Amino acid sequence: MDTVSHHGRETAYDVVDRGGDGPPICCIHGSGGSSDLWTGQHPLADHHSIVSVDLSGHGESDDIDASAGYTTLSAYADDVLAVAEATDAEILVGNSLGGAVVLQILLERDFSPEAAVLTGTGARLGVLEDLLSWLESDFERAVEFLHGPDRLFHDPDPEIRERSMERMHECGQAVTRRDFLTCHEFDVRDRVGEIDIPVLAVCGEYDQLTPPWFHEYLADEIDGAGLAEIEDAAHLAMVEQSTAFNGAIEEFLATVGEDRSRDWY
């Protein structure tokens, strides 16, 4: 993996580049995740370089000393912006907490990507109180709960589910709990209408963590935003149904490219 130095820390990221001439895509994982969440999106590298970030404290990136909530979210936004600058990424794709990071960037930072994809996320990300309690006192129960039916996955291959659980354990209880507490405090419902770039909201048909109506809200509130539902998937649709997910991304970016060409002429 490559790294970029910023704000006194090193942020790791992976790049898959097959020589495509489309704008690079930067992918941001969710709570307790890491960059390898996005391996199913590598086929998109035929047209777009695929950049996947390890947020601070995840994967191979240095951690931060930050309290949960806005401070952590801001640090994660710094991670993404540093990687985007290093890789010339012009498309942001965020899942769950990663979607909150993308929204934070779009609303509060001086960076305007060509487009953004928000998947398994929402303008508000309240977390079940029982889950927050288990994340503090019974991490194994929290991990098992998240990997129950129609939460992170609908009907995954057992190996995919097992790798996801391993990834969360590797991230660890402290960072994963910080992530979920940060999600719990996140709420930009009064501001999403300010977003003025092309946005696609992508939801898993069976997602109970961020249900389809979370994404319908984003599509309704953001001017011109699109909505795509991935069948037979839950929260991690990009993992569980990568082909359908990638197809939705390709269709969206083709539309963005056509609009950009018309504006140029």
Side-chain angles (χ1 to χ4, degrees), residues 1-2 12-30 33-55 58-60 80 83-84 86-99 101-102 113-121 152-164 166-167 197-207 210 215 225-261:
M1 294 186 75
D2 296 310
Y13 62 94
D14 182 59
V15 180
V16 178
D17 185 353
R18 297 176 182 165
D21 57 3
I25 299 172
C26 181
C27 302
I28 305 104
H29 63 78
S34 67
S35 57
D36 69 356
L37 182 78
W38 302 98
T39 55
Q41 281 56 67
H42 290 179
L44 292 172
D46 290 342
H47 302 288
H48 304 265
S49 296
I50 300 299
V51 180
S52 48
V53 182
D54 280 341
L55 296 175
H58 304 73
E60 298 184 21
V80 173
V83 171
T87 60
D88 296 321
E90 299 177 28
I91 312 292
L92 300 181
V93 179
N95 170 249
S96 198
L97 171 65
V101 174
V102 172
E114 288 193 15
V117 177
L118 303 170
T119 180
T121 194
L152 292 179
F153 300 105
H154 171 55
D155 185 24
D157 183 294
E159 291 184 8
I160 290 176
R161 181 179 182 272
E162 183 64 27
R163 173 61 192 127
S164 178
E166 289 175 358
R167 184 188 297 115
I197 66 164
V199 169
L200 177 67
V202 184
C203 59
E205 177 185 9
Y206 294 101
D207 186 1
T210 53
H215 303 79
L227 177 67
E229 183 173 277
I230 307 300
E231 296 181 353
D232 297 323
H235 194 62
L236 299 182
M238 77 293 297
V239 176
E240 195 168 16
Q241 298 294 341
S242 60
T243 300
F245 182 89
N246 294 348
I249 301 303
E250 289 177 323
E251 182 177 348
F252 168 62
L253 293 181
T255 301
V256 171
E258 289 170 2
D259 290 344
R260 186 172 61 247
S261 296

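As a basis for the values below, the full set of heavy atoms in this structure was taken, side chains included, without hydrogen atoms, waters or symmetry mates. Note that the coordinates shown come from a computational prediction; the quantities given were computed from them, not determined experimentally.
With Val80 as the fixed residue, the side chain to side chain contact (heavy atoms under 4.5 Å, CB included) test singles out one of Leu55, Val51, Val102: Leu55.
With rounding to the nearest 0.5 Å, the separation of CG in Leu253 from CD1 in Ile25 is 5.0 Å. Atom CG of Asp21 and atom CG of Asp46 lie 11.5 Å apart (nearest 0.5 Å). Atom NE2 in His48 sits 7.5 Å away from atom CD in Glu250 (nearest 0.5 Å). Put simply, CD on Glu60 and OG on Ser34 are 9.0 Å apart, with the number rounded to the nearest 0.5 Å.
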Legend entry - Test side chain to side chain contact (heavy atoms under 4.5 Å, CB included) applied to Leu118 and His215, step by step: CA-CA 8 Å; Leu118 303 170; His215 303 79; 5.9 Å; no

Inset, instruction - Report the C-alpha separation of Thr255 and Leu200 in whole Å, then their side-chain angles, then the decisive distance to 0.1 Å, and conclude whether the side chain to side chain contact (heavy atoms under 4.5 Å, CB included) test is met. - result: CA-CA 11 Å; Thr255 301; Leu200 177 67; over 6 Å; no

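Remark: side-chain polar atoms of Asp54 are paired, donor with acceptor, to backbone N or O of Ser35 under 3.5 angstrom. With Ser49 contributing its side chain and Pro24 its backbone, the two residues share no donor-acceptor pair below 3.5 Å. Looking at Arg18, its side chain does come within 3.5 Å of a backbone N or O of His42 through a donor-acceptor pair.
Residues Thr39 and Asp36 bring no donor and acceptor atom of their side chains to less than 3.5 Å of each other.
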Expected list for residues 91-99: side-chain donor-acceptor pairs under 3.5 angstrom, two or more places apart:
{"residue": "Asn95", "atom": "ND2", "partner": "Thr119", "partner atom": "O", "Å": "3.1"}
{"residue": "Asn95", "atom": "ND2", "partner": "His235", "partner atom": "O", "Å": "3.4"}
{"residue": "Ser96", "atom": "OG", "partner": "His235", "partner atom": "NE2", "Å": "2.9"}

N/O donor to acceptor pairs below 3.5 angstrom from side-chain atoms of residues 237-247, sequence neighbours left out:
{"residue": "Glu240", "atom": "OE1", "partner": "His154", "partner atom": "N", "Å": "2.9"}
{"residue": "Glu240", "atom": "OE1", "partner": "Ala234", "partner atom": "N", "Å": "3.2"}
{"residue": "Glu240", "atom": "OE2", "partner": "His154", "partner atom": "N", "Å": "2.9"}
{"residue": "Glu240", "atom": "OE2", "partner": "Asp155", "partner atom": "N", "Å": "2.5"}
{"residue": "Gln241", "atom": "NE2", "partner": "Asp232", "partner atom": "O", "Å": "3.1"}
{"residue": "Asn246", "atom": "OD1", "partner": "Gln41", "partner atom": "NE2", "Å": "2.9"}
{"residue": "Asn246", "atom": "ND2", "partner": "Gly40", "partner atom": "O", "Å": "2.9"}
{"residue": "Asn246", "atom": "ND2", "partner": "Ser242", "partner atom": "O", "Å": "3.3"}

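Heavy-atom minimum distance, Asp14 versus Met1: N-CE, 3.6 Å. In this structure, Tyr13 and Ala86 approach most closely via the heavy-atom pair OH-CB, 3.9 Å. Gly120 and Asp207 get closest at one heavy-atom pair: CA-OD2, 4.1 Å. Residues Cys27 and Ile50 share a closest heavy-atom pair of SG-CG2, 4.2 Å.
For the pair Leu37/Ser52, no side-chain contact is recorded, criterion being any heavy-atom separation below 4.5 Å from C-beta on.
Atom CD of Glu166 sits in a crowded spot, with more than 12 heavy atoms from other residues, nucleotides or ligands closer than 6.0 Å.
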